[in-house]
Amino acid sequence: MNASDRKTVKHQNSIKSQVDAITGNVKAIGEKCLIKRSIIGNNCTIGDKVKLMNTIVMDNVTIEEGSNIQGSVVCSNVHIGTNAEVKDCIIASMQNVHSLAKFTNEVIMDIDQMMEL
């Protein structure tokens with residue numbers, strides 16, 4: 001995302017979502033979302049009732065309905081399932097976080113990715 005592509009979105013409506021974030025060209029942000037102090041990359045899809053707080057979401061990420069992501073970095077091409085809870089984590093690229101998963105203070109990556117570090 002280039003500096004010229006960034007935009008700050010501030011939106012508040014009781015039916016729609018509350019968004020206070022820097023975003024790229026986001027595909028969709030669902031209804032009743034709460035997004036605060038976060039950065040969202042290009043081609044991301046954010047489902048209904050998602051909470052993003054103090055989080056960086058890179059490009060091509062899908063976050064399903066009801067998920068709660070706080071203080072985390074979500075790398076490119078990640079899929080986060082319905083009602084997942086992620087707090088203070090790093091999710092490496094190409095990961096799939098299953099529905100109802102709960103992670104706190106973890107690095108989520110494949111062993112192959114760890115060897116690249």
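Since the model is a prediction, treat every value here as computed from it, not as a measurement.
The CD1 atom of Ile29 sits 12.0 Å away from the CD atom of Glu31 when rounded to the nearest 0.5 Å. The line from OG1 of Thr45 to CG of Asn60 is 9.0 Å long, rounded to the nearest 0.5 Å. Once rounded to the nearest 0.5 Å, the distance linking CZ of Arg37 with CG of Asp20 reads 8.0 Å. Interatomic distance, Thr23 OG1 to Asn42 CG, rounded to the nearest 0.5 Å: 8.5 Å. One distance of note links CD1 of Ile35 with CD of Gln18; it measures 10.0 Å at 0.5 Å rounding. One finds the CG atom of Asp110 at 9.5 Å from the CE atom of Met94 (value rounded to the nearest 0.5 Å).
Under the 4.5 Å side-chain heavy-atom criterion for Ile, Leu, Val, Met, Phe, Trp and Tyr, Val61 and Met53 are members of distinct hydrophobic clusters.
For Asp48, there are no side-chain hydrogen bond (donor to acceptor under 3.5 Å, both in side chains) partners two or more places apart in sequence or in a different chain.
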Scan the side chains in residues 74-91 for donor-acceptor partners under 3.5 Å anywhere in the protein, sequence neighbours excluded, and list what turns up.
residue, atom, partner, partner atom, Å
His79, ND1, Asn96, OD1, 3.3
His79, NE2, Glu64, OE2, 2.9

Output, in order, the C-alpha distance, side-chain angles, deciding distance and verdict of side chain to side chain contact (heavy atoms under 4.5 Å, CB included) for Ile63 and Leu52.
CA-CA 10 Å; Ile63 303 175; Leu52 288 178; 3.9 Å; yes
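In this structure, Asn43 and Asp59 have side chains that are not in contact, with every pair of non-hydrogen atoms separated by 4.5 Å or more.
The two residues Gln70 and Ser72 make their nearest non-hydrogen contact at O-OG, 2.9 Å. Shown here for Val26 and Cys44, the closest heavy-atom pair between the two residues is CG1-O, 3.2 Å.
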